[in-house]
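As the structure is a prediction and not an experimental result, all values here were calculated from the model.
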Number of protein chains: 2
Amino acid sequence: MSEEPFVWPKGVKKTKQRMEIFAVLEKSDKPMSAFSISKKLNGGTDKNTWLSTVYRTLDLFEKEKIITKISIMNQDMALYTLNRFAHHHYAVCVDCHSVIEMENCPMETFDPNLTDKNFRVLGHKIELYGYCNSCELQVEK
Amino acid sequence: MSEEPFVWPKGVKKTKQRMEIFAVLEKSDKPMSAFSISKKLNGGTDKNTWLSTVYRTLDLFEKEKIITKISIMNQDMALYTLNRFAHHHYAVCVDCHSVIEMENCPMETFDPNLTDKNFRVLGHKIELYGYCNSCELQVEK
DNA sequence: ATTACTGCAAAGCATTTGCAGACTG
DNA sequence: CAGTCTGCAAATGCTTTGCAGTAAT
């Protein structure tokens with residue numbers, strides 16, 4: 001289940017804040033926004049403090065390949081998720097914006113056929129959109 | 001090649017601005033940002049005017065299913081493309097942000113397997129990212 | 001001690017909104 | 001003419017940045 005706990009890069013200080021942010025991401029099975037992370041950190045309070053630190057930490061983690069930043073259609077905030085859980089793709093409800101994980105990846109069996117264009121593929125991002133169960137039921141309103 | 005020219009929805013006025021914005025999108029084979037559209041409209045000048053109208057028109061077009069709004073990873077601006085060209089997917093250079101179109105769609109032959117989760121899939125969005133040819137050559141810098 | 005990090009406040013930037021005047025049908 | 005649109009300017013909301021004090025190594 002747990003992979004190696006992950007090593008702090010040298011020169012990077014292991015602060016309380018960073019460890020807490022990591023812990024929050026680790027406990028969540030869904031990608032989180034900077035704001036929702038900071039809310040968790042502040043114990044539910046809406047204190048705006050921390051937010052810039054959260055962003056800076058997320059940038060750092062992303063640079064260090066610890067997390068992945070994803071930006072979802074019609075959602076104004078970026079979401080972040082531990083790479084441990086990465087290479088998952090998501091289905092997003094166009095109504096309530098809830099996020100469901102896809103079990104497998106269409107790209108596993110697909111050749112994008114870009115070699116003639118000299119494009120070196122590093123990765124990919126896939127999103128489905130549609131209606132989740134509860135919003136589907138209310139579509140007529 | 002050309003599908004039906006598309007009908008203006010009733011109640012929606014056919015103004016000079018809207019027609020020009022449509023024309024710009026029609027001439028471009030790549031998705032464009034609101035800003036780049038407005039630059040084209042202003043004949044290359046950086047006039048900030050128009051921008052809100054461009055956004056409003058793009059929102060309208062999107063609502064009327066004339067265009068599709070896409071938001072690309074690590075790119076802060078939304079991009080818009082005529083649906084006539086839609087259901088294409090893109091490879092984006094992580095360095096210079098140039099956009100290359102993919103010829104075919106991995107989802108054509110893929111079952112996301114979400115029916116058990118009661119998610120009604122309306123559509124999808126796929127992006128590859130990596131290095132385009134010219135950036136690949138400069139990677140060492 | 002050094003060097004990196006945090007909190008705070010202020011700035012940036014894409015996008016949205018309010019409003020009065022201008023234009024379409 | 002009536003009802004929509006446009007331009008302008010100001011507001012919004014997420015994210016970034018500068019700086020002086022604080023904490024990690």
Check: When the distance from CZ of F61(B) to P of dT15(C) is rounded to whole Å, what number comes out?
Finding: 17 Å
Next item on the list: Classify the ring geometry between H124(B) and H89(B) as parallel (under 30°), tilted (30 to 60°) or perpendicular (over 60°).
Entry: tilted
Checklist line | Nearest-angstrom distance from the residue atom CZ of R18(A) to P of dA24(D) | finding: 11 Å
Item checked: d(CD, E20(B); P, dT6(D)) in whole Å -> 11 Å
Margin query: Suppose we screen for salt bridge (Lys or Arg N to Asp or Glu O under 4.0 Å). Which residues come up paired with E64(A), at least two apart in sequence or across chains?
Written below: none
Next item on the list: Take nucleotides 16-25 of chain C nucleotide by nucleotide from the 5' end and write B, S or -, depending on whether a protein heavy atom sits under 4.0 Å from the base, only from the sugar-phosphate, or from neither.
Entry: BBBB----BS
Checklist line | Rounded distance (Å) that lies between atom P of dT6(D) and atom CG of L41(B) | finding: 11 Å
Check: When the distance from CE of M19(A) to C1' of dC5(C) is rounded to whole Å, what number comes out?
Finding: 15 Å
Notebook entry, point to check: Does R120(A) use its side chain to pair, donor to acceptor, with the backbone of C132(B) at less than 3.5 Å?
Noted result: no
Item checked: Whole-Å distance separating the CG atom of L79(A) from the C1' atom of dC14(D) -> 12 Å
Next item on the list: Give a yes or no on whether a salt bridge exists between K125(A) and E127(B), defined as a side-chain N under 4.0 angstrom from a carboxylate O.
Entry: yes
Next item on the list: Quickly work out the W50(A) CH2 to dC8(C) P distance and round it to whole Å.
Entry: 11 Å
Next item on the list: Ignoring hydrogens and angles, tell me if any N or O in the side chain of S36(A) forms a donor-acceptor pair with the backbone of M32(A) under 3.5 Å.
Entry: no
Item checked: Separation of atom NZ in K63(A) from atom P in dC5(C), rounded to whole Å -> 11 Å
Note to self: Checking the side chain of R18(B) only, and the main-chain atoms of T57(B) only, is there a donor and an acceptor separated by less than 3.5 Å?
What the structure shows: no
Next item on the list: Please state whether the phosphate of dG7(C), meaning OP1 or OP2, lies under 4.0 angstrom from any side-chain nitrogen or oxygen of Q17(A).
Entry: yes
